[in-house]
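Report on the structure given below.
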Amino acid sequence: MKYDHKQIEPVWQKKWEEAGIFHAEQNSSKPKYYTLIEFPYPSGQGLHVGHPRSYTALDIVARKRRLQGYNVLYPIGWDAFGLPTENFAIKNHVHPREVTKKNVARFKSQLQSLGISFDWSREINTTDPSYYKWTQWIFLQLFKHDLAYKKEMAVNWCTSCKCVLANEEVVNGVCERCGSEVVRKVKSQWMLKITAYADRLIKDLDLVDYPDRVKAQQKNWIGRSTGAEVDFTTTTGDKLTVYTTRPDTLFGATYMVISPEHPLIEKLASTIENMDEVRAYQEAAARKSDFERTEVAKDKTGVRLVGVEAINPVNNRQIPIFISDYVLVSYGTGAIMAVPAHDTRDWDFAKKFGLPIIEVVKGGEDVQKEAFTDCETGVLVNSEYLDGLSVEDAKKKITERLTETGKGRAKVNFKLRDWVFSRQRYWGEPIPIVHCPHCGAVAVPESELPLELPDVESYEPTDNGESPLAKMTDWVNTKCPQCGADAKRETDTMPQWAGSSWYFLRYADPHNNDALASKEALRYWTPVDWYNGGMEHTTLHLLYSRFWHKFLYDIGVVPTAEPYAKRTSHGMILGENGEKMSKSRGNVVNPDEIVNEYGADTMRLFEMFIGDFENAAPWNSNSIKGCRRFAERCYNMTSIMTEGGIRPELEGAFHKTIKKVGEDIEVLKFNTAIAALMSLINDIYNTKSVTREELKVFTILLSPFAPHVAEQMWSDCKLGDGFVSAAKWPEYDESKCVDNEIEIAVQINGKVREKLMVAADIDKDAAIAAAKASERIASLIEGKTIIKEIYVPSKLINIVIK
RNA sequence: GCCGGUAUGUCGGAAUUGGCAGACGAGACAGACUCAAAAUCUGUUAUCCGCAAGGGUGUGUGGGUUCAAGUCCCACUACCGGCACCA
């Protein structure tokens with residue numbers, strides 16, 4: 001029979017679903033294994049060829065684990081709240097719920113056509129009230145533990161989405177999603193205190209198996225730094241505290257800089273003589289968007305506060321105070337001591353404003369020409385009791401002194417900011433809070449959850465920065481759950497990251513109505529054993545969900561401190577021209593067309609064979625044919641099968657391949673695993689026949705990669721009972737992976753001059769004797785002095801001559 | 001500027017972590033089958049010199065360690081990703 005994927009694939013997909021063989025068992029004595037992929041956002045474009053790269057990879061792992069006897073959970077769901085759906089709904093006057101429903105149906109049929117072994121009985125959807133009930137519940141727990149709070153603050157405002165963005169969503173000063181300008185806007189916002197977990201989010205990276213680049217990126221983003229706070233005073237008698245990582249350079253401070261928004265300015269408004277100039281600078285700084293602020297990063301600007309000076313606590317020297325936007329309000333204390341001799345930014349500023357530069361760390365070039373910032377080699381000078389100390393010792397000593405005299409203290413700072421959690425849009429989880437004129441912000445009682453999203457007439461974002469929900473007065477006006485007075489509901493919704501911050505927990509027990517999941521289910525299934533996803537989520541989803549998980553751990557809801565035991569990341573699939581796939585570049589490949597033309601098995605094989613899983617790889621419509629040929633060659637073996645066991649001449653090849661394929665899957669080397677299967681099939685075809693046992697082992701090895709054709713081979717040739725997807729992974733014998741006779745290279749002075757077939761267990765003397773016995777080697781060493789003879793067992797011989 | 005990554009034939013990529021560079025696939029070329037084409041099968045395919053046997057050169061660049069370097073060390077370059085006035 002001819003290989004016809006259109007005949008084979010839908011049949012097996014249906015049989016698997018009917019038999020339910022990919023359903024995770026709820027009560028099982030088997031060891032569990034939880035594989036997870038980032039659940040997709042069901043966009044209107046349908047599945048992208050990038051999705052199956054991740055899904056197929058973990059499908060291979062999940063399928064292999066099942067064959068190895070594990071109870072596997074490989075779930076799927078929909079991260080369906082979010083802006084693109086809402087924008088589409090606005091434009092086409094349909095309810096976002098309907099848009100979501102349609103998109104989900106499309107995604108589902110596309111995913112099912114790929115034969116991914118998801119447990120569809122556990123499908124979840126973040127927009128389902130029975131799901132977001134628990135998203136809201138978690139928010140209320142955060143609120144009750146003072147980790148959710150409302151704050152008036154300058155936020156990132158996307159001018160196009162008309163919506164607040166988290167810091168993580170602003171990329172190069174523009175909106176991550178739409179690319180529009182982001183400006184600062186003062187608004188009252190719900191915030192989540194992720195900073196309370198900053199230290200643990202770094203420290204607990206030691207507990208998990210993540211790629212180093214992911215750990216490094218998270219650590220960078222959290223940005224822990226150690227230093228000291230130093231209390232300066234001013235000539236007006238006010239306190240002015242700075243944060244510095246270089247307290248050792250305190251004697252070299254020649255001026256101070258505070259951010260334009262620093263509260264001290266208002267306090268000293270009557271003392272400052274050039275207040276007009278100061279105000280003008282403040283306004284100019286406020287007008288700048290994030291984009292402009294980073295654009296003009298090179299040139300320093302600022303204004304000196306005339307009429308007030310600061311006093312250095314260690315030497316009582318009076319130094320001027322400036323305002324400048326190179327000092328940020330939101331980091332440290334919003335004020336710095338400037339040490340131009342040992343900080344390049346301070347140096348730039350000092351040069352521009354003609355301020356003194358005093359060297360306090362010796363070891364570099366002339367500090368008048370360039371700042372010396374090295375902490376490793378310098379020695380302190382001009383610093384009284386610190387003179388002669390190394391930078392490190394001086395830091396310790398000055399911090400001790402400051403602490404003793406009450407003028408400072410050791411301090412740790414983080415770049416990480418609290419998470420801006422409000423969105424002024426419709427298609428998200430309503431924040432379950434009621435604002436009461438008497439009681440303030442009050443939690444909606446848990447018994448009233450889910451607080452369902454009301455139907456509104458218009459989803460249009462408003463120009464005044466309020467959520468579309470604000471227009472629903474019937475819904476907004478309510479009673480205070482605490483005192484019963486007239487009160488108003490919170491109208492902001494949660495960001496898209498909310499639902500995805502805990503979804504992996506819901507999969508453990510997706511239909512539970514009394515808890516986000518039962519304790520037993522969580523104890524059995526968590527943590528996730530292997531989580532694969534994109535690098536782009538390292539500082540967003542991955543960090544947010546670790547934070548929520550740690551909080552849930554602290555309040556006793558989940559049994560583990562970390563959600564994911566192991567994380568891996570796949571590279572992007574690029575267009576054929578090596579550029580990122582996008583509509584505008586016209587290089588988008590539609591997975592449906594590939595499945596239709598070549599079949600799901602070929603698609604899966606190709607996506608795994610395309611290159612190193614962790615690196616980006618360009619699509620190539622030519623080499624996909626190689627994978628199709630391979631699938632056909634696999635199937636064609638069924639027509640030449642004869643009875644029998646593994647033939648002796650193929651025994652070594654089989655054992656080696658079992659070993660190689662098994663090991664490669666564990667380390668994400670799907671490309672070389674497939675190459676090994678291709679080599680094995682070439683060996684088989686060289687013998688012009690295949691035996692039943694050979695075909696059986698081969699089919700099992702093939703099944704995680706190309707499950708449909710494997711099932712067809714299994715059933716056509718009656719290789720075993722039931723499904724190959726429920727067979728047993730073959731074992732290999734280490735002793736049979738080595739050949740009896742091997743080829744070794746013979747080098748003279750490091751250059752290969754001869755190849756010899758020798759017994760695998762040959763010893764050094766015998767090997768070298770064999771080499772010298774060869775005519776070619778004998779003639780090359782004749783008359784020369786042998787300096788050294790090296791024998792690398794089963795690899796090579798190197799004879800060094802002179 | 002800082003942090004991370006990558007660099008290998010015509011192309012995608014292999015190389016057991018110091019031991020025969022180019023597995024596997026694609027493409028190209030040649031041959032078989034065919035009236036012909038497609039498909040399939042069989043060869044060849046890093047590069048230079050040579051009719052050949054054989055020899056030289058070759059893993060971004062320049063040095064180094066070693067009997068032996070794609071792999072280790074030092075100094076660079078280019079590209080990709082992240083962060084960026086974080087004191």
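In what follows, chains carry the letters A, B, and so on, assigned in the order in which the sequence lines appear, proteins first and then strands, with residues in each chain numbered from 1. Model, not experiment: these values are computed from the prediction.
Tyr791(A) does not carry Lys764(A) over the face of its six-membered ring by the limits of under 6.0 Å from the centre and within 45° of the normal. Phe705(A) does not carry Arg604(A) over the face of its six-membered ring by the limits of under 6.0 Å from the centre and within 45° of the normal.
Within the structure, a side-chain polar atom (N or O) of Arg753(A) is placed less than 4.0 Å from OP1 or OP2 of G55(B). Contact annotation: Tyr331(A) side-chain N/O to A87(B) OP1/OP2 distance is under 4.0 Å.
Note: Trp419(A) and Tyr544(A) have parallel aromatic rings, judged against thresholds of 30 and 60 degrees for the angle between ring planes. The aromatic rings of His541(A) and His537(A) sit perpendicular to each other, their planes meeting at more than 60°, with 30° as the lower class boundary.
Across the C1' atoms, U16(B) and U10(B) are found 29 Å apart, a figure rounded to whole Å.
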Could you pull out the protein-nucleic contacts involving nucleotides 2-9 of chain B (nitrogen or oxygen on both sides, under 3.5 Å)?
from  : atom 1 : to        : atom 2 : distance (Å)
C3(B) : O2'    : Asn220(A) : ND2    : 3.3

Please tabulate, one pair per line, each protein N/O and nucleotide N/O from nucleotides 73-75 of chain B that are separated by under 3.5 Å, including the distance.
none

Could you list, one pair per line, each protein nitrogen or oxygen that sits under 3.5 Å from a nitrogen or oxygen of nucleotides 16-20 of chain B, together with the distance?
from   : atom 1 : to        : atom 2 : distance (Å)
U16(B) : N3     : Lys795(A) : NZ     : 3.1
C20(B) : O2     : Lys755(A) : NZ     : 2.6
C20(B) : N4     : Glu743(A) : O      : 3.2

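Taking a cutoff of 4.0 Å between a charged side-chain nitrogen and a carboxylate oxygen, Glu229(A) and Lys239(A) do not qualify as a salt bridge.
A distance of 6.0 Å or more separates the ring centres of Phe609(A) and Phe670(A). Taking the six-membered ring for Trp, Phe353(A) and Tyr255(A) have ring centres at least 6.0 Å apart.
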Nucleotide pairing, RNA chain B (Watson-Crick or G-U, distances under 3.5 Å), in dot-bracket with [ ] and |: (((((((..(((......[....)))((((((.......))))))((((....))))..(((((..]....))))))))))))....
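Within 6.0 Å of CD on Glu663(A) lie more than 12 heavy atoms contributed by other residues, nucleotides or ligands.
For the salt bridge (charged side-chain N to carboxylate O under 4.0 Å, His left out) condition, no pair includes a residue of residues 667-682 of chain A, sequence neighbours left out.
Between Ser623(A) and Val800(A), it is Ser623(A) whose nearest contact on RNA chain B lies nearer the 5' terminus.
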B/S/- contact track for nucleotides 40-52 of chain B, protein heavy atom under 4.0 Å: SS-----------
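With rounding to whole Å, Tyr243(A) atom OH is found 6 Å from A87(B) atom P.
Ranking A14(B), G54(B), G27(B) by closeness to the Lys625(A) side chain, first place goes to G27(B).
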